[in-house]
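Structure record follows, encoded as structure tokens.
Heads up: numbering here begins at 1 and tracks the sequence.
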Amino acid sequence: MTSRRVFHRNAGSPEFNLVLVGALGVGKSALTVKYITRRFIMEYDPDLEGTYTKHEDWDGLDVIVHIMDTCDKDDSDPTRYLKWADAFLIVYSITTKPSFEVARDYLESISIYMKEQGRECPLALVGNKIDLERYRQVNKSEGASLATEYDCLFYETTAAEEFELVERVFHRVIMDAHQDKYGHVLQPLFLPDDRISSYNQPSTASHTAQLTLRRPKSPKGMPDKKDEKNIQKKTLNKFFKIFN
């Protein structure tokens, strides 16, 4: 007789709101869809924003994850996700230096907002598209340094390859969000292997999801085409207005 895992799905299930922000074209939608469906889709409408829900079987416990894939526009109000989020994934592309600068701006703006609200909110800086290593413009050390500055998690990953590389990013953020929201730690569903390691240690794998193993504290505080960069700059200017 085979054993059967009991899956507890009830009103008491832990529930989290995760928000992905970043410049146009960095792969926020690709990461979201990969985590939810295990599929990689290359093309998305950059003007669409959506919220999705996934039920995770966390060792028999039903964990409900809501994910907002954002699209900031000139007329959009960032408070729609700033008030809603339990955790943020700030995404940039390792192949696009301007997207890294946009990620820096998001980190600063979100951190200022959280400080003003007296809130703590886990942040993860995520460098996407490591499958395109030959086109890299942002070094790992730059991402690690920025993450250290804001005392947040740091990962490099890709939506284009193994599902586990993306899943583990989301799982780590969920674990930190659970500790903040419910006061105790969810046990990890995985053990580190040779494809995932601390960013401040050398990695032997070319395609590695990089993560810090320290608990983040309360946070501090794109495309290469010229016209697309100007659009992104205008978007972030709109974002910053709420803090003035």
Side-chain angles (χ1 to χ4, degrees), residues 18-46 48 50 52 54 65 67-71 87-104 106-107 123-147 152-174 188-213 222-225 228-229 232:
L18 308 185
V19 174
L20 280 76
V21 295
L24 297 174
V26 297
K28 300 186 298 294
S29 297
L31 289 170
T32 300
V33 170
K34 186 77 169 190
Y35 171 62
I36 294 173
T37 71
R38 296 176 175 255
R39 297 172 57 203
F40 173 61
I41 301 175
M42 294 185 65
E43 295 185 2
Y44 298 87
D45 185 341
L48 291 181
Y52 312 90
K54 179 175 182 177
V65 186
I67 306 165
M68 182 184 291
D69 174 17
T70 64
C71 176
F88 286 90
L89 287 78
I90 298 93
V91 184
Y92 68 92
S93 169
I94 69 162
T95 68
T96 311
K97 190 73 171 185
S99 74
F100 183 68
E101 298 306 319
V102 170
R104 182 192 302 275
Y106 271 112
L107 276 169
L123 302 180
L125 179 65
V126 181
N128 191 29
K129 304 188 181 182
I130 58 172
D131 57 300
L132 302 177
E133 176 68 28
R134 62 191 179 279
Y135 301 118
R136 179 186 285 272
Q137 293 184 11
V138 183
N139 293 329
K140 291 179 183 178
S141 59
E142 294 178 271
S145 177
L146 182 58
C152 67
L153 296 170
F154 172 59
Y155 305 79
E156 284 193 340
T157 190
T158 177
E161 296 189 351
E162 292 93 338
F163 166 69
E164 288 76 16
L165 296 181
V166 172
E167 181 185 49
R168 293 179 184 189
V169 173
F170 279 89
H171 278 186
R172 181 55 191 274
V173 175
I174 291 168
L189 293 178
F190 60 87
L191 294 175
D193 60 23
D194 61 355
R195 291 178 301 173
I196 191 163
S197 61
S198 175
Y199 72 67
N200 58 5
Q201 297 178 359
S203 170
T204 57
S206 60
H207 296 160
T208 303
Q210 305 285 338
L211 64 91
T212 66
L213 298 182
M222 269 8 110
D224 292 321
K225 297 179 182 179
E228 291 176 327
K229 287 163 65 178
Q232 193 62 47

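- Taken from CD1 in Ile41 to OG in Ser29, the straight-line distance is 9.5 Å, to the nearest 0.5 Å.
- Rounded to the nearest 0.5 angstrom, Phe88 CZ and Leu123 CG are separated by 7.5 Å.
- With Ser145 contributing its side chain and Ser141 its backbone, the two residues share no donor-acceptor pair below 3.5 Å.
- The two atoms that bring Phe154 and Ala147 nearest to each other are CB-CB, 3.5 Å, heavy atoms only.
- Other residues, nucleotides and ligands place no more than 12 heavy atoms under 6.0 Å from the OH atom of Tyr135.
- With rounding to the nearest 0.5 angstrom, the CZ atom of Arg168 is 14.0 Å from the CD1 atom of Ile174.
- Every side-chain contact (heavy atoms from CB on, under 4.5 Å) that Ala103 has, sequence neighbours left out, goes to Ile90, Tyr92, Leu125.
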Go through the steps for Asp69 and Thr32 under the test side-chain hydrogen bond (donor to acceptor under 3.5 Å, both in side chains), then give the verdict. CA-CA 7 Å; Asp69 174 17; Thr32 300; 4.7 Å; no

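- Considering all non-hydrogen atoms of both residues, Ala30 and Phe40 come closest at CB-CE1, 4.2 Å.
- Residues satisfying the side-chain hydrogen bond (donor to acceptor under 3.5 Å, both in side chains) criterion with Ser93, sequence neighbours excluded, are Thr95.
- In this view, Tyr35 and Phe170 satisfy the ring-ring contact (aromatic ring centres under 6.0 Å, His included) rule, not counting sequence neighbours.
- Contact check for Leu107 versus Cys152: side-chain heavy atoms found under the 4.5 Å cut-off.
- Residues Val166 and Ala159 come closest through the heavy atom pair CG2-CA, 3.9 Å.
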Please tabulate, for side-chain N and O atoms in residues 18-26, each donor-acceptor pair with protein atoms closer than 3.5 Å (sequence neighbours left out).
none

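- Once rounded to the nearest 0.5 Å, the distance linking OG1 of Thr158 with NZ of Lys34 reads 8.0 Å.
- Every side-chain hydrogen bond (donor to acceptor under 3.5 Å, both in side chains) that Arg136 has, sequence neighbours left out, goes to Glu133, Glu156.
- Remark: Thr70 pairs with no residue by the side-chain hydrogen bond (donor to acceptor under 3.5 Å, both in side chains) rule, at least two apart or across chains.
- The structure places CG of Leu31 at 6.5 Å from OG1 of Thr157, a figure rounded to the nearest 0.5 Å.
- What you find for Asn128 and Gly27 is that their closest heavy atoms are ND2-CA, 3.6 Å.
- Counting heavy atoms from C-beta on, the side chains of Gln137 and Ile94 never come closer than 4.5 Å.
- Rounded to the nearest 0.5 Å, atoms NZ (Lys54) and OG1 (Thr37) are 8.5 Å apart.
- Here the closest heavy-atom approach between residue Ala124 and residue Tyr155 is recorded as CB-CE1, 3.7 Å.
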